[in-house]
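Heads up, the thing below is written out as C-alpha cells.
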Amino acid sequence: MKLAIMGAMPEEIAPILEKVGEYRVSSVAGNKYYECSFGGVEVVIAYSKIGKVFSALTAATMIERFGATAMLFSGVAGAISKELAIGDLIVATKLCQHDLDITAFGHPYGYVPEGSQFVETDERLRVIAKDVAAEMGIPLKEGVIATGDQFVADAARKEWIESTFAADALEMEGASVAVVCNALNVPVFILRAISDAADMDASFDFDAFLESSAKVSADFIMKMVDRIGG
Ligand code: SAH
C-alpha cells in the first residue's frame with residue numbers, strides 16, 4: 001500500500017511534513033511531491049494549488065506517477081450546516097461540483113453525461129475515521145461537500161448550494177480529487193476542518209483560521225495514518 005496525503009495549499013500540508021520529518025522531494029508538472037515511510041506506511045505528500053484543475057492534476061499524478069493506492073485529502077472548508085463551527089471536522093460521504101452547469105440540456109446541476117451528480121468516498125476509510133474520532137473523544141460530522149472554482153463569501157450563493165445539493169460544507173478541490181480517484185479505482189477520503197462560514201465574513205475568517213483549522217485536519221489525518229500502519 002502507498003498512501004497519498006494531499007492538500008490544496010502549503011498551510012494544509014505543512015503540519016504533515018513537520019510530523020513525518022524526513023522525505024525525498026521530486027517535482028512533476030510544477031508541483032513538489034514528498035515521499036517517505038511513516039509508521040511503516042509508504043506515503044507521498046503534496047499540495048496541488050487551489051481549485052479543481054490543479055487538484056485533479058495532483059491526484060492523478062500521485063496515483064499514476066507515484067503509485068498511490070489510497071488517497072487521504074486534508075484541508076479547510078466553508079461551513080454550510082449550522083452544526084459546523086470554525087475548527088470542526090467534516091468527512092465527505094459524497095461530493096458534487098456546484099459550478100458544473102449544463103442544465104440548458106435538461107440535466108441536473110453538477111451532472112455531465114457519463115458522469116454522476118455526486119461522487120462517493122470510500123466507506124472503509126470513513127470507518128477508520130470514526131474509530132479514530134471515538135478514540136480521540138471528538139465529534140466527527142459526515143455530510144455532503146460541494147466543490148467549485150469559487151471562494152464563496154456570499155449568503156445567497158451558499159443558500160443556493162445548500163438547497164440544490166443538500167450540502168453541509170463547501171470548498172474548491174474535494175469533488176475533483178474524488179472523481180479522479182473513482183475513475184482510477186483508488187479509495188478516497190476527504191476531510192475538512194471549517195475555516196469560515198462562506199458568508200460576508202468569509203475572507204476575514206479564512207485568513208484568521210486557515211492555519212489553526214488546517215492543523216486540526218492534518219493532525220486527524222496523521223492519526224488515521226497511524227491506525228492504518230499499526
Ligand atoms: N487566501 C488564498 C485563497 C484561498 S481560496 C489566497 O489569497 O491565495 C480558499 C481555499 O480554502 C480553497 O482551497 C478551498 O478549498 C478552501 N475554502 C475554505 N473556505 C472556502 C469558501 N468559503 N469557499 C470556497 N473554498 C473555501
Side-chain angles (χ1 to χ4, degrees), residues 6-9 11-13 47-48 50-52 55-56 59 71-100 109-110 116-123 125-126 129-130 132-133 138-179 181-182 188-221 224:
M6 140 170 207
M9 296 172 281
E11 292 86 348
E12 289 170 331
I13 68 159
Y47 76 88
S48 58
I50 293 163
K52 294 195 292 182
S55 58
M71 166 68 71
L72 306 179
F73 188 101
S74 177
V76 299
I80 297 177
S81 165
K82 291 185 179 57
E83 283 172 36
L84 288 169
I86 287 172
D88 287 353
L89 288 168
I90 175 165
V91 170
T93 51
K94 58 181 186 175
L95 302 100
C96 61
Q97 297 180 60
H98 68 73
D99 58 349
L100 185 54
Y109 285 103
S116 58
Q117 192 184 24
F118 291 96
V119 54
E120 285 175 15
T121 57
D122 185 68
E123 199 174 341
L125 291 171
R126 279 192 270 127
K130 278 184 205 157
V132 167
I138 60 164
L140 186 66
K141 185 179 167 56
E142 283 196 329
V144 177
I145 294 183
T147 301
D149 282 328
Q150 202 172 69
F151 183 80
V152 178
D154 172 63
R157 179 68 188 166
K158 167 176 152 173
E159 275 158 30
W160 181 85
I161 292 169
E162 180 176 29
S163 59
T164 307
F165 301 102
D168 297 291
L170 56 85
E171 34 85 314
M172 303 179 67
E173 300 84 17
S176 39
V177 170
V179 165
C181 291
N182 281 20
V188 59
F189 177 81
I190 309 280
L191 178 72
R192 297 276 180 170
I194 299 303
S195 55
D196 59 84
D199 54 13
M200 58 188 248
D201 297 326
S203 58
F204 178 81
D205 286 345
F206 177 89
D207 283 339
F209 297 108
L210 165 62
E211 252 179 69
S212 56
S213 293
K215 185 160 169 29
V216 168
S217 178
D219 288 349
F220 189 91
I221 287 283
M224 285 181 69

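- Note that CD1 of Ile161 is 5.5 Å distant from CD1 of Ile80, once rounded to the nearest 0.5 Å.
- Here the shortest heavy-atom pairing between Gly51 and Glu173 reads N-OE2, 3.1 Å.
- Separation of atoms CD (Glu11) and OG (Ser195) is listed at 11.0 Å; rounding is to 0.5 Å.
- A 6.0 Å sphere centred on NZ of Lys215 holds no more than 12 heavy atoms belonging to other residues, nucleotides or ligands.
- Side-chain contact check for Leu210 versus Met9: some heavy-atom pair is nearer than 4.5 Å.
- Shown here is Glu123, whose CD atom has no more than 12 heavy atoms of other residues, nucleotides or ligands within 6.0 Å.
- Residue Tyr47 places its OH atom among 12 or fewer non-hydrogen atoms of other residues, nucleotides or ligands, all under 6.0 Å distant.
- Taking CD of Glu120 as the start and CD1 of Ile190 as the end, the distance is 13.0 Å to the nearest 0.5 Å.
- Using a 4.5 Å cut-off on side-chain heavy atoms (C-beta onward), Leu89 and Ser217 make contact.
- A donor-acceptor pair under 3.5 Å links the side-chain atoms of Lys158 to the main chain of Ala197, judged by distance alone.
- Residues Gln97 and Val179 have side chains in contact (heavy-atom distance under 4.5 Å, counting atoms from C-beta outward).
- Residues Asp88 and Lys141 are not in side-chain contact: their nearest non-hydrogen atoms beyond the backbone lie 4.5 Å or more apart.
- Proximity of a side-chain donor or acceptor of Thr93 to a complementary backbone N or O of Gly143 within less than 3.5 Å is detected.
- Counting heavy atoms from C-beta on, the side chains of Gln117 and Phe165 come closer than 4.5 Å.
- With sequence neighbours excluded, the residues satisfying salt bridge (Lys or Arg N to Asp or Glu O under 4.0 Å) with Glu142 are Arg126, Lys130.
- Taking each heavy atom of Ala92 and Thr121 in turn, the nearest pair found is O-OG1, 2.7 Å.
- A heavy-atom distance below 4.5 Å is found between the side chains of Ile145 and Glu171.
- When atom types are taken as modelled, the side chain of Asp199 and the backbone of Ala155 share no donor-acceptor pair closer than 3.5 angstrom.
- Nearest heavy-atom pair, Ser213 versus Ile194, reported as atom, atom and distance to 0.1 Å: OG-O, 2.7 Å.
- Asp99 contributes a side-chain N or O that, together with a main-chain N or O of Asp149, makes up a donor-acceptor pair within less than 3.5 Å.
- With sequence neighbours excluded, the residues forming a side chain to side chain contact (heavy atoms under 4.5 Å, CB included) with Leu125 are Leu72, Asp122, Ile128, Pro187, Phe189, Ile228, listed by chain and number.
- The distance from the CG atom of Leu95 to the CZ atom of Phe118 is 9.5 Å, given to the nearest 0.5 Å.
- Between the side chain of Ser55 and the backbone N or O of Lys52, at least one donor-acceptor pair lies under 3.5 Å.
- The salt bridge (Lys or Arg N to Asp or Glu O under 4.0 Å) check on Asp154 picks up nothing, with sequence neighbours excluded.
- Here the closest heavy-atom approach between residue Ala129 and residue Leu140 is recorded as O-CD2, 3.6 Å.
- Contact between Leu84 and Ala169 at its shortest, heavy atoms only, is CD1-CB, 4.4 Å.
- What you find for Val76 and Arg192 is that their closest heavy atoms are O-NH1, 2.7 Å.
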